Amino acid sequence: MSFAPSSPPTTAARNPSTPSTARVMPTNVTGAPSTPAQSNAPSTSTSSTTPGTDGRVRERQGSFGGSTKAKILKPFNTANIKILLLENVNETAVAALRGQGYQVETHTKALAEDVLIEKIKDVHCVGIRSKTKLTKKVLNAAEKLGVIGCFCIGTNQVDLEVAAQKGIAVFNSPFSNSRSVAELVLAEIVLLSRQLGDRNNEMHQGIWSKVSANCYEIRGKTLGIVGYGHIGSQLSVLAESMGMRVFFHDVVPLMPLGTSKQVASLDELLEMSDFITLHVPETEDTKNMIGELELNKMKQGSFLINASRGTVVQIPALAKALRSGHLGGAAVDVFPKEPAANGKFFESELVGCPNTLLTPHIGGSTEEAQSMIGVEVSQALIKFINNGTSIGAVNFPEVDLRAIRDEENSIRLCYTHMNVPGVLLRITNILADHNVDKQFSDSKGKIAYLMADISDVTPEQIQDIYRRVSETPTNIVTRILY
């Protein structure tokens with residue numbers, strides 16, 4: 001089975017239970033779905049008749065949907081789809097994927113590279129969190145892999161370019177844990193302003209230290225948010241409800257929520273804020289964004305919070321600013337190098353720094369967030385496997401078509417190809433004698449993705465379409481769904 005079949009399927013009678021003999025993920029054009037029940041409801045769609053080049057007259061449906069029921073695309077025996085879920089992916093995802101009939105293998109932890117390479121050879125879909133590294137070496141061993149689900153926000157643990165070149169779509173969950181992270185940051189603002197981390201440690205050592213020096217309310221203080229995306233904007237609203245003044249800096253102009261205001265530069269934000277919190281992705285521009293120069297621009301006694309990416313802050317410079325007393329405290333949830341498993345493995349120059357909260361990358365680790373992430377990512381995987389929909393993919397052209405009509409002899413062509421001139425002309429020539437109900441194509445970088453719904457085709461014609469499209473010199477992956 002394969003997302004990218006290496007040979008054209010046969011013309012055997014189509015049957016949903018017939019397994020595909022293709023290489024990575026099944027296209028199963030060799031089987032036919034059972035004939036759907038005919039609807040007696042009148043259609044309101046427009047249509048016209050158009051002669052084909054073979055002399056046959058075909059009815060063309062208009063763009064307005066009628067009462068015809070949408071067709072459920074299941075182009076393969078779902079029990080043949082193998083999915084590998086690592087790092088204790090939430091049960092909501094496991095249940096959703098098993099509910100489709102897929103084979104789902106789960107592991108509570110990340111796998112060592114050699115074990116992962118062996119496991120990934122035979123799976124069509126892999127689901128990971130932040131610890132598993134899908135490098136070029138690992139992806140090159142993935143002979144059948146067609147789609148990756150990152151059950152988290154970040155995707156820097158995946159070689160996105162290599163995945164795209166192999167026609168592997170990568171999905172993540174950019175929204176589901178935003179609230180959890182925002183709440184953690186708000187809690188850390190209060191903890192830092194009252195030095196509760198240090199007081200807690202002292203109490204556990206039997207030390208009673210009731211002090212008020214350098215402890216403050218957060219009401220009336222200025223919060224500076226670097227990166228006003230889903231997390232930053234939610235935090236903005238929460239902080240204002242606590243009486244804070246909110247300013248933010250982003251690389252693009254954005255509509256402020258509440259009474260928050262955007263400032264023109266990072267330097268301006270650093271100089272005016274009592275608290276600085278970072279919510280940016282890991283890019284070349286954000287690596288080492290906060291170093292000694294930037295820390296020195298922050299107000300004496302101010303606080304830094306990083307719940308974004310570990311490479312954004314230079315840890316030695318932060319430790320120096322904390323130990324010197326220039327900063328009043330810091331909260332850090334992400335680190336440049338993080339242990340691959342739970343245990344006594346953590347080391348950092350920040351250990352022992354005054355009024356410093358260190359947490360093991362738990363910003364999005366709540367039951368609610370993980371449940372929502374499981375739902376969001378699993379649904380994206382199911383839609384891509386079953387329908388070809390790539391909306392939300394981070395490394396792949398985003399393409400979708402409205403539901404195909406529930407008619408016998410209608411198919412969906414999903415064609416991932418190199419983004420070079422002349423491809424659409426070649427595909428148009430291949431489909432010239434067929435009734436293409438609708439199609440959409442988009443490109444991203446070096447690859448492009450086309451979806452087309454084709455009606456009134458025989459099993460022999462399906463085989464011919466598949467063979468001719470998959471043999472084009474620009475082909476990366478060709479799938480036919482019905």
Side-chain angles (χ1 to χ4, degrees), residues 130 150 152-157 160 172-189 192 218 221-242 244-291 293-295 297-299 302-315 317-318 327 330-336 357 359 361-365 369 373 392 394:
S130 57
C150 295
C152 51
I153 292 179
T155 56
N156 54 305
Q157 68 274 41
L160 297 177
N172 69 336
S173 179
F175 316 119
S176 295
N177 68 357
S178 302
R179 177 70 181 202
S180 295
V181 178
E183 287 186 3
L184 176 66
V185 172
L186 186 65
E188 289 173 336
I189 291 172
L192 290 172
I218 67 171
K221 303 303 184 292
T222 299
L223 173 64
I225 300 174
V226 183
Y228 201 69
H230 302 291
I231 297 172
S233 57
Q234 284 204 46
L235 175 61
S236 170
V237 175
L238 294 175
E240 281 197 354
S241 71
M242 297 285 284
M244 300 190 78
R245 296 176 298 173
V246 179
F247 295 85
F248 67 91
H249 172 66
D250 203 292
V251 293
V252 295
L254 293 168
M255 175 69 73
L257 298 181
T259 60
S260 63
K261 295 179 176 63
Q262 185 166 7
V263 299
S265 69
L266 175 61
D267 287 351
E268 182 182 355
L269 192 70
L270 296 175
E271 293 167 359
M272 68 188 300
S273 301
D274 300 305
F275 295 83
I276 289 290
T277 180
L278 307 172
H279 302 285
V280 295
E282 183 180 277
T283 66
E284 289 302 316
D285 292 331
T286 62
K287 286 183 180 179
N288 299 317
M289 171 189 278
I290 304 297
L293 179 63
E294 289 75 23
L295 292 170
K297 291 179 180 178
M298 293 177 62
K299 294 168 64 173
S302 60
F303 304 90
L304 178 71
I305 300 172
N306 184 19
S308 58
R309 288 291 173 260
T311 58
V312 174
V313 177
Q314 297 177 27
I315 298 298
L318 176 58
L327 291 188
V332 181
D333 187 51
V334 289
F335 302 87
L357 305 174
T359 49
H361 203 152
I362 58 170
S365 296
I373 288 171
V394 298

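One is the number of the first residue; the rest follow in order along the sequence. From a predicted model like this one, the values you see are computed outputs, not experimental measurements.
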_Residues Met244, Ile189; criterion side-chain contact (heavy atoms from CB on, under 4.5 Å); working and verdict_ = CA-CA 11 Å; Met244 300 190 78; Ile189 291 172; 4.1 Å; yes
Where is the tightest heavy-atom contact between [X] and [Y], given as atom of each residue plus distance?
X	Y	result
Ser260	Glu240	N-OE2, 2.8 Å
Ser178	His230	OG-CB, 3.4 Å
Ala307	Val185	CB-CG2, 4.1 Å
Ile373	Ser176	CG1-CB, 3.5 Å
Pro281	Arg309	C-CG, 4.2 Å
Phe247	Thr222	CD1-CG2, 3.7 Å

When rounded to the nearest 0.5 angstrom, what distance separates [atom1] in [X] from [atom2] in [Y]?
X	Y	atom1	atom2	answer
Leu184	Ser180	CG	OG	9.0 Å
Ile218	Met242	CD1	CE	4.0 Å
Ser130	His361	OG	NE2	5.0 Å
Ile225	Leu269	CD1	CG	8.5 Å
Asn306	Phe335	CG	CZ	8.5 Å
Leu278	Met289	CG	CE	7.5 Å

*Please report the C-alpha distance between His279 and Thr277 in whole Å, then the side-chain angles of each, then the deciding distance to 0.1 Å, and finally whether the side chain to side chain donor-acceptor pair (under 3.5 Å) criterion is met.*
CA-CA 7 Å; His279 302 285; Thr277 180; 2.7 Å; yes
Donor-acceptor pair, [X] side chain versus [Y] backbone, under 3.5 Å?
X	Y	result
Asn172	Gly154	no
Ser273	Ile276	no
Glu271	Glu268	no
Ser241	Leu238	yes
Asp250	Pro253	no
Gln262	Leu254	yes
Asp333	Gly363	yes
Thr283	Asp285	yes

Any side-chain heavy-atom pair of [X] and [Y] under 4.5 Å:
X	Y	answer
Lys299	Asp274	yes
Thr359	Val332	no
Leu257	Gln234	no
Ile315	Pro336	yes
Val246	Thr259	no
Leu223	Arg245	no
Asn288	Val313	no
Thr155	Leu160	yes

*Side chains of Asp267 and Ser265, donor plus acceptor under 3.5 Å*: no
_Show, in sequence, the C-alpha distance, side-chain angles and deciding distance for Gln314 and Ile290, and conclude whether the side-chain contact (heavy atoms from CB on, under 4.5 Å) test is met._
CA-CA 6 Å; Gln314 297 177 27; Ile290 304 297; over 6 Å; no
*Could you walk me through whether Glu282 and Val312 pass side-chain contact (heavy atoms from CB on, under 4.5 Å), step by step?*
CA-CA 7 Å; Glu282 183 180 277; Val312 174; 5.8 Å; no
*In terms of the angle between their ring planes, are Phe303 and Phe275 parallel, tilted or perpendicular, with boundaries placed at 30° and 60°?*
parallel
*Before giving the answer on side-chain contact (heavy atoms from CB on, under 4.5 Å), spell out for Ile153 and Ser173 the whole-Å C-alpha distance, their side-chain angles and the decisive distance to 0.1 Å.*
CA-CA 5 Å; Ile153 292 179; Ser173 179; 5.9 Å; no
